[in-house]
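Report on the following structure.
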Amino acid sequence: MALKVFNTLTNRKDEFAPIEPGKVRMYVCGVTVYDMCHIGHARAYISFDVIQRYLRYAGLGLTYVRNYTDVDDKIIKRAAEIGEQTTVVSERFIREFETDMDALGVAKADIEPKVTEHIPEIVALIGKIIERGHAYVAGGDVYFSVRSFPRYLQLSGRQLDEMKAGARVEVDERKQDPMDFALWKESKPGEPWWDSPWGRGRPGWHIECSAMSSKYLGDTFDIHGGGKDLIFPHHENEIAQSEAASGKKFVNYWIHNGFVNINEEKMSKSLGNFFTIREVTARFHPEALRYFMLTTHYRSPINFSDQSLEEAQKRVEYAYQTLDAVNTMLAGGEPKGGKNVNPPLVEGLIPAFREAMDDDFNAAKVLGDLSEPLRLLNELSSGKSGKPKDDVKRTLWDLGTKVVEIGSVLGIMTRDPATVLSEIRDRKVKAKNLDPEKIETLIAARAEARKAKDFARADQVRDELKSMGVAVMDTPKGTAWRVD
RNA sequence: GGCGCCAUAGCCAAGUGGUAAGGCGACGGUCUGCAAAACCGUUACGCACCGGUUCAAAUCCGGUUGGCGCCUCCA
């Protein structure tokens, strides 16, 4: 089955056909680096990370570009507020972004260009747009003339004249049309600036993505992505700029991810109802956050709640507990011989995975499909299945390998199980304000009581731990504990 | 006012024409000194509502209600 992607440009699922067979060029709008990232950013970059991984998995040669917007009104404002240089602010938040993405398992893009390092390209692009009659100089500013570009608003499917009624933007006197937008802005005192044919200034928002995408991916490329909120005006304006300059189609497939909601409302800075990635990952494991993001199709809104995160974390725990047991069972490496106990399940796994992902990257479906294999891995690795050991090992290997293969495309289940499990427990211990030492002491006391067959005393200790939210588990390898 | 999206069990959620995946929770069971974990079983005669198309609809069409988003910086 061929890959289908929902294309905002056509408003339907289109069969994906790259410009160059076997190769894909993809650009995703990166962050404006003026603050810590919130979980909306997490969703966007996780979504495209999965897309990125899947395209490569499917054997397509991918060039993935994700920029950093490091010149912008908000960065300037922020820098002024805290009395720092804009570059100090932007560099710091680039590092914070990298830290967050790393924790979430979001791989770096192949190219991560910064606006400040592409001013010449931007100036050249603006010059070209002016030359072609799609932009005009007004004082030290340069504006794109939306009326000169008949295809304007093709992505959002709106009408220019209908938009004017709702426009709440203050109209700059120098604009020929209220909808015209800045390509270049004259710098005010104290603002960063670069020389240009129009005087000292800086790029407007939008133009950087047009300049950097064409530099690294060409005038026309395959996929351009970002959050739904970027459709208008950002992506609409990118199309106008790029197509006005090149005279060619800009992008074939536009992919947009849905929002993260809080209490069914869009999470956003202006509403003040946002959580940073850092806040959430202090309470829940980063992989739980990632898993949560994948439980809903990337285009649908997803509602953030502690309960959902807890559920996601529970599944992550379950998966790693299972993998841990599988690893223990297969300590000797790939088993020789043995008979797979469930060939249809093992053999159907990857085809089902590909079918789901080929259908507009339906990772949520994949997660559901993973339940049965994980269940079987658990059953077999418990050692109590009653099946011949060789067959068990054979199946664990065959099935486990495929489960991890799928996990590696979704960016889950690829870390060291014991490490993740203890990281999760650490968070719960902290959340409940527990003292691990005290717990160990109690468990030791209980062990002694059990040894002496003083079960009344042992259960008393268990109850005490239980009231603290600690569950005690007696296993052949000793007594372990977990936080509920 | 314009454009668009969504509505599936207690909760989350997949499913775009063929007779409702999966998860969480709950209940019952196996295992266990007792538990926990794990495993097994049960948990939507119905997919907001009304009408239509069809042999067949959660899925297509029309309408109603409710919720959300964009039109302004925003992933």
Side-chain angles (χ1 to χ4, degrees), chain A residues 8 11-13 28-32 34 37-48 72-74 77 153 156-159 161-170 179 205 225-234 236 256-261 264-271 274 291-292 295-297 299-303 305 307-308 310-312 314-315 317-318 321-322 325 352 356 359 362-372 374-385 450 453-456 458-459 462-463 465-466 470-475 479-482 484:
Chain A
T8 309
N11 207 33
R12 58 159 195 253
K13 273 185 212 169
V28 171
C29 287
V31 275
T32 299
Y34 72 105
C37 285
H38 54 64
I39 53 178
H41 296 107
R43 184 177 199 199
Y45 301 117
I46 288 168
S47 297
F48 287 102
D72 169 87
D73 291 350
K74 290 191 293 291
K77 185 165 168 251
L153 303 180
S156 50
R158 299 190 175 110
Q159 299 299 318
D161 294 314
E162 281 164 5
M163 301 225 5
K164 282 171 75 175
R168 275 173 274 169
V169 227
E170 66 212 75
M179 292 300 291
W205 185 39
K228 268 190 160 74
D229 46 358
L230 296 182
I231 295 173
F232 183 89
H234 187 54
E236 207 68 83
H256 293 97
N257 66 275
F259 297 129
V260 174
N261 289 167
E264 311 297 338
E265 267 190 346
K266 179 187 171 182
M267 187 187 78
S268 76
K269 292 235 154 176
S270 41
L271 289 171
F274 64 92
Y291 188 101
F292 164 70
T295 56
T296 300
H297 185 92
R299 275 192 296 113
S300 305
I302 188 169
N303 200 52
S305 70
Q307 190 190 327
S308 295
E310 269 157 25
E311 280 180 23
K314 212 162 269 191
R315 291 303 289 170
E317 241 181 323
Y318 174 79
Q321 232 164 256
T322 304
D359 185 14
N362 195 344
K365 169 80 160 52
V366 175
L367 252 26
D369 290 346
L370 241 23
S371 281
E372 174 63 8
L374 282 171
R375 202 220 91 251
L376 183 60
L377 289 175
N378 230 318
E379 182 193 336
L380 296 176
S381 61
S382 72
K384 290 188 287 190
S385 63
R450 290 183 74 215
K453 303 271 183 205
D454 182 359
F455 293 121
D459 288 349
R462 177 194 287 289
D463 289 343
L465 285 162
K466 196 176 178 185
V470 176
V472 177
M473 307 184 291
D474 297 321
T475 73
T479 299
W481 59 277
R482 51 179 286 141
D484 288 327

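Note on naming: letters A, B, ... go to the chains in the order of the sequence lines (proteins, then strands), and numbering restarts at 1 for each one. Only heavy atoms go into these numbers, but all of them, side chains included; no hydrogens, no water, no symmetry mates.
Phosphate contact (OP1/OP2 of B:C73, side-chain N/O of A:Lys77, threshold under 4.0 Å): absent.
When the P atom is used for both B:G25 and B:U64, the distance is 42 Å, rounded to whole Å. Taking the C1' atoms as reference points, B:U30 lies 26 Å from B:A21, given to the whole Å. Taking the P atom of each, B:G10 and B:U16 are spaced 24 Å apart, rounded to whole Å.
Between the C1' atom of B:C34 and the CG atom of A:Asp463 lies a distance of 10 Å, rounded to the nearest Å. The interatomic distance linking A:Lys453 (NZ) with B:C34 (C1') rounds to 13 Å, in whole Å. With rounding to whole Å, A:Asp484 atom CG is found 7 Å from B:A37 atom P. Rounding to whole angstrom units, NE2 of residue A:His297 and P of B:U16 are separated by 11 Å. In this structure, CG of A:Asp474 is placed 13 Å from P of B:A37, rounded to the nearest angstrom. Here B:A38 presents its P atom at 9 Å from CZ of A:Arg315, a figure rounded to the nearest Å.
Listed by residue number, the members of residues 364-371 of chain A with any heavy atom below 4.0 angstrom from RNA chain B are A:Ala364, A:Lys365, A:Gly368, A:Ser371.
Applying the side-chain contact (heavy atoms from CB on, under 4.5 Å) rule to A:Ser308 yields the partners A:Phe292, A:Ser305; only residues at least two apart in sequence or on another chain are considered. Every residue meeting the side-chain contact (heavy atoms from CB on, under 4.5 Å) condition with A:Asn11, not counting sequence neighbours, appears here in chain and number order: A:Phe6. Not counting sequence neighbours, the partners of A:Asn261 by the side-chain contact (heavy atoms from CB on, under 4.5 Å) test are A:Phe259, A:Lys266, A:Pro301, A:Asn303.
Side chain of A:Arg462 to main chain of A:Val472: a donor-acceptor pair is present (N/O by atom type, distance under 3.5 Å, no hydrogens or angles). At distances below 3.5 Å, at least one donor-acceptor pair connects side-chain atoms of A:Tyr45 with backbone N or O atoms of A:Gly30. In terms of modelled atom types and a separation under 3.5 Å, the side chain of A:Lys365 and the main chain of A:His297 share no donor-acceptor contact.
Nearest to the side chain of A:His41, among B:G25, B:U16, B:A75, sits B:A75. The side chain of A:Phe232 lies closest to B:C70, out of B:A75, B:C24, B:C70.
If you check distances only, the side chain of A:Asp229 never reaches the base of B:C73 with a donor-acceptor pair under 3.5 Å. Between the base of B:A35 and the side chain of A:Arg462 there is a donor-acceptor pair shorter than 3.5 Å. Put simply, the side chain of A:Arg450 and the base of B:G33 share a donor and an acceptor less than 3.5 Å apart.
To the nearest 0.5 Å, atoms CG (A:Asp161) and CG (A:Leu153) are separated by 10.0 Å.
For B:C60, the paired base is B:G52 (Watson-Crick or G-U wobble, both distances below 3.5 Å). B:U30 is paired with B:A38 under the Watson-Crick or G-U wobble criterion, all donor-acceptor distances under 3.5 Å.
Where A:Thr475 and A:Asn11 each meet RNA chain B at their nearest nucleotide, the meeting point lying more 5' is that of A:Asn11.
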Collect all protein-nucleotide pairs involving nucleotides 40-43 of chain B in which both atoms are nitrogen or oxygen and the distance is under 3.5 Å.
unit_1	atom_1	unit_2	atom_2	d
B:C40	OP1	A:Arg375	NE	2.3
B:C40	OP1	A:Arg375	NH2	3.3

Distances for protein N/O vs nucleotides 6-12 of chain B N/O pairs under 3.5 angstrom?
none

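For the pair A:Arg158 and A:Phe232, the distance from NZ or CZ to the six-membered ring centre is under 6.0 Å and the angle to the ring normal is within 45 degrees.
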